[in-house]
Each structure stands twice: as C-alpha cells, then as structure tokens.
Engineer: 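Here it is, the structure in full.
Side chains included, hydrogens not; waters and symmetry mates left out as well; all remaining heavy atoms used. Start at 1 and go down the list; that is how both ligands and their atoms are numbered.
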Amino acid sequence: MSDDQAGGPALHPLLLRQLRKAGLTQSLPEEVERLVRLVDGAYREQDLERRRNTRATNLMAEEMTALAERIRVQAGQDPLTGAANRTLFLRRLGEAVEGLGEGGHLAVLLLDLDGFKLVNDSLGHGFGDRMLCEVCERLRNVAPADATLARHGGDEFTLLLPSVGRSSEAADVATRAIAALEQPFTIDGNEVLISASAGIALYPGDAPDMGALLVAADTAMYQAKDRGRGQYVFFSAAMNVRLHQRLLMKSRLSKALERGDFHLVYQPKTCMRTMGICGAEALLRWHDARLGDIPPGQFIPVLEEMGLIGEVGLWVVGQACRQMRNWRDQGLAPGRMAVNVSARQLRRPGLAGEVADIVRRAGISSADLEFEITESTIIQDTDLAIPLLNELRAMGIHIALDDFGTGFSSLGYLRRFPFDTIKIDKAFVDEIMVRPDDVAIIRAIIAMGHALDRRIVAEGVETAAQFKLLKELAVDEIQGYFVGRPMTADSLTLLLPRSS
Ligand SMILES: [Mg+2]
C-alpha cells in the first residue's frame with residue numbers, strides 16, 4: 001500500500017504510519033482496502049473534533065479573561081496598578097460628601113506626571129506601565145490611612161482625603177507625594193527622573209458638588225503645570241475666571257476663520273553674506289471684535305486643543321503663498337517664505353497633497369516654501385513625522401528645525417531628520433553673550449550643521465553685540481528685532497529687494 005493509493009486521496013498520516021509498522025505497505029485485498037478507508041475516515045473525524053475542541057477552549061479562555069477584567073472593573077480596581085478606578089473613586093467621594101459632619105472639609109488632590117508621554121515614547125509602554133505601578137506604590141506610602149488612591153487613566157492619579165481639619169493637611173500630603181515621585185525610578189537598569197504637578201480642591205469651599213470639585217482640582221493642576229511643574233496649587237475662584245475666559249476664547253475661535261479674524265504678519269530674515277532680506281517667517285495673529293488682540297501663545301494652544309489647527313494651518317500656508325505671489329507680481333524678491341507647522345498639523349491625513357494644491361493654485365514653486373517644525377513635534381510622532389517630512393521635502397519644500405536649543409537639542413536629530421535649516425532659539429542667543437560655555441556649544445552646533453550641509457539661522461537677535469558674535473560664528477542668517485520685528489505685508493514690501 002503506498003502513500004498515494006490509486007483511486008483515493010492520501011491516507012491520514014497517523015494511519016499510514018501504523019500500516020507501515022504492521023508491514024501493510026503492499027497492495028491489499030479489496031475488502032481490507034475498504035476497511036482501511038473506513039478507519040481513515042474515523043481518524044479524520046477525530047482531527048476535526050480535536051480542532052473544534054481547541055477552538056472552544058480558546059474562546060472560553062478569552063471569555064474568562066474578559067470576565068475577570070469586568071469583575072475587577074466592577075470591584076473598582078484599576079487593572080494595571082490595583083489602585084481604585086474612577087468609578088470606585090466617585091463612589092467613595094459620594095459617600096465622603098454624605099458623611100461629612102457640620103463644618104467638616106474634605107479634599108481632592110489630582111496629580112499628573114510631568115513629561116510621562118516622553119518616557120512612554122522613548123522607553124516603551126512596558127517600561128511606562130511598570131513605572132505607573134511604582135508611582136502608585138509610592139503614593140500609597142505617603143497617603144493617610146483613610147485616603148482613597150485612584151488612577152483616573154493615563155498618568156493621572158487622584159487622592160481623596162475624606163477629612164481634613166485644615167487645608168495645610170492637604171498641602172502636607174501633596175508635598176510628600178511630589179517629593180516621593182521626585183526620587184529616581186530605576187527599572188531594568190534604566191534610571192528615569194520625573195516630576196508631578198498637583199491641584200487641590202476643597203469641599204464644600206471650592207465647589208458645590210462632586211463633578212465641580214473634580215473640575216476645580218483639574219483646573220488647579222493645570223495651573224501648577226503652567227507655573228513650572230513639580231509643585232501643587234490650591235484651587236482659587238480666580239481660576240474660574242480664567243476657565244471662563246478660555247471657554248469664551250473657544251467659542252470665538254470656532255468662528256474666527258469664517259469671520260476673517262485671522263491675519264498674518266511677516267518677520268524678515270537677513271542673509272549674513274549679502275546683508276539683504278532672504279526670506280520671512282509668516283506668523284499668525286488673531287484679532288477678535290470682543291476679546292481684542294490675543295497673543296499667539298494663548299490662542300494657538302487652544303486651536304490645537306480644539307482640533308482646528310489643521311484647518312487654520314492650511315489657511316496660513318495659502319495666505320502666505322498668495323502674498324508671495326503678490327510680491328513676485330510687483331517685481332520683488334521675497335526669498336523663501338516660512339510657516340510654522342505643529343505636530344497636530346503633521347497628523348492631518350493627506351497634508352502633502354493639500355499643500356501641493358495650494359502652492360499650485362498660488363502659482364509659486366514649492367521650493368519657495370519652508371516649514372518650521374519644532375523638535376518636540378518630531379519626538380511626539382517620530383514614525384509619522386519622518387516619512388511625511390521626506391514626502392514634503394521630495395516636493396521641494398524646505399524643512400527647518402525650529403527653536404533648536406530649547407528642548408532636547410539632540411545632535412542625533414540633526415543627522416536623522418531631513419532638515420535643510422536649523423534655527424537656533426532666542427533663549428540660546430541671549431545666553432551666548434553672558435556664558436562662554438554656550439558659545440562653545442553654539443560653535444559646535446554650527447560646525448556640525450555645516451558639515452551636514454544645513455543652513456544655520458539665529459533667532460531673536462536684538463543687539464549689535466549679538467549680531468557681531470553670530471557673524472564671527474559664521475551663522476548663515478539672522479532673524480530678530482535687530483533686523484526687523486514681525487510686520488504687515490505692506491511694511492515688508494518697502495524692505496524687499498527688487499528681483500534682478
Ligand atoms: Mg518659527
């Protein structure tokens with residue numbers, strides 16, 4: 001009997017092995033052959049049965065895991081850290097509010113890690129998860145016995161202090177918590193330093209109900225972050241005014257584009273070799289009929305938060321391109337036009353195509369355009385940023401690394417990313433006048449940049465002394481009050497050279 005029995009399909013491998021063992025490999029009488037086929041069928045059915053069972057077992061295991069997860073959640077436990085989850089926290093808060101005696105106070109402390117996203121992005125989620133567990137452990141150690149510690153998701157933790165005699169008791173807990181998290185974390189031989197910001201809100205003084213109390217603690221926490229992180233802040237009624245202003249800003253911003261309330265100003269860049277204007281950076285400004293002129297540092301983060309930055313960013317590119325065309329039509333040579341692009345804008349699907357369309361419609365060349373991108377933008381989304389930057393660059397658009405010297409200033413980035421230009425931040429330029437060490441650093445950056453064939457622009461140049469030093473350091477271009485403040489298109493028109 002052979003593997004490939006004439007007239008029938010190959011026999012089940014197990015059956016075939018047994019037939020071989022029994023020496024039944026020659027051709028068999030017809031009735032034996034029929035019997036063998038019957039047994040073969042039984043073997044196959046068993047295979048099928050086994051597969052079915054395995055599948056059922058796997059399904060059951062999955063269901064059990066999901067069930068266990070659901071039970072944990074219902075029991076009020078955060079699956080990662082074992083701390084209370086949001087639901088349990090709210091239940092305990094409700095009980096504490098109800099049980100509060102006449103004249104009693106309770107406090108909610110909301111704590112958020114500073115820069116945790118960077119830990120996750122650079123060391124991986126596995127590392128981040130273990131770190132969160134240790135954060136939880138440290139917080140448990142400093143919390144009073146009657147406190148409830150909860151993880152609200154992400155890197156946000158809350159502590160309910162169900163009875164605080166004075167607000168200083170809550171402050172003591174916050175101080176201990178922040179100090180505990182400032183100790184280095186060592187996981188797998190990696191040492192990481194982190195800080196935390198906390199907001200504290202008191203009931204019933206700061207808010208009439210539980211929801212408002214959490215919002216108040218959250219508002220105070222953001223205030224702590226604003227003030228420089230690694231500290232705690234008590235909620236105050238004045239913060240509500242700021243919150244209200246922010247809400248108002250949001251509602252006004254949502255209509256600003258269609259109302260035509262945005263405009264651009266242009267800050268020139270000067271070429272050190274020719275001392276002529278070689279380009280400008282387009283900067284977004286917002287004038288609102290009710291709120292007046294709001295500084296970009298205030299409204300741009302809100303545009304980002306509202307998810308409007310992509311749309312407004314494209315408007316900026318379009319407006320800048322049309323202005324460029326306008327100057328060209330007047331026989332002027334505006335050089336290269338730079339626009340600032342944020343991480344969120346880079347995440348917009350189809351960005352490169354939209355930009356190509358705008359450039360074409362404006363009748364300029366993509367090579368006339370430069371995108372300024374900050375280092376932190378790239379860190380936030382490296383996997384997405386590199387291919388997109390390459391795509392934009394393939395279209396001819398120049399890419400500049402903006403605000404260099406403020407973030408990580410990693411020299412590695414200069415090599416890995418497709419930049420044409422490096423813009424040295426104003427903070428760094430300010431420093432070089434007073435700190436000789438910084439001159440050495442800037443000299444090294446420029447030497448490395450030039451070796452990689454990048455242009456170096458110094459931002460925020462304000463004095464003749466800075467100008468002189470930067471010229472000695474062989475910076476290619478400068479930008480700052482020394483050569484021109486951000487100005488209207490009409491003002492810049494007067495300064496632009498005629499095209500030859
Ligand atoms: Mg810029």
Engineer: Just jot down the salt bridge (charged side-chain N to carboxylate O under 4.0 Å, His left out) partners of Glu431, sequence neighbours excluded, or say none.
Structural biologist: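 Checked Glu431 against salt bridge (charged side-chain N to carboxylate O under 4.0 Å, His left out); matches are Arg435.
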
Engineer: May I ask you to check if Arg138 and Phe185 form a cation-pi contact, with NZ or CZ under 6.0 angstrom from the six-membered ring centre and within 45° of the axis?
Structural biologist: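 Yes, a cation-pi geometry.
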
Engineer: Does NZ or CZ of Arg485 lie under 6.0 Å from the centre of the six-membered ring of Tyr481, at an angle within 45° of the ring axis?
Structural biologist: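 Cation-pi check for Arg485 and Tyr481: passes.
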
Engineer: Just by distance, with hydrogens left out, do Ser342 and Glu304 show a side-chain donor and acceptor under 3.5 Å apart?
Structural biologist: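 Side chains of Ser342 and Glu304: pair found under 3.5 Å.
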
Engineer: Does a side-chain heavy-atom distance below 4.5 Å link Arg130 with Asp188?
Structural biologist: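 A side-chain contact under 4.5 Å exists here.
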
Engineer: At a cut-off of 2.8 Å, what protein N/O/S atoms sit near the Mg ion (ligand 1)?
Structural biologist: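 The answer is Glu281 OE2, Asn340 OD1, Glu372 OE1, Asp402 OD2.
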
Engineer: Hey, does the side chain of Asp78 reach the backbone of Asn85 with a donor-acceptor pair shorter than 3.5 angstrom?
Structural biologist: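 No, because the side chain of Asp78 does not come within donor-acceptor range (under 3.5 Å) of the backbone of Asn85.
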
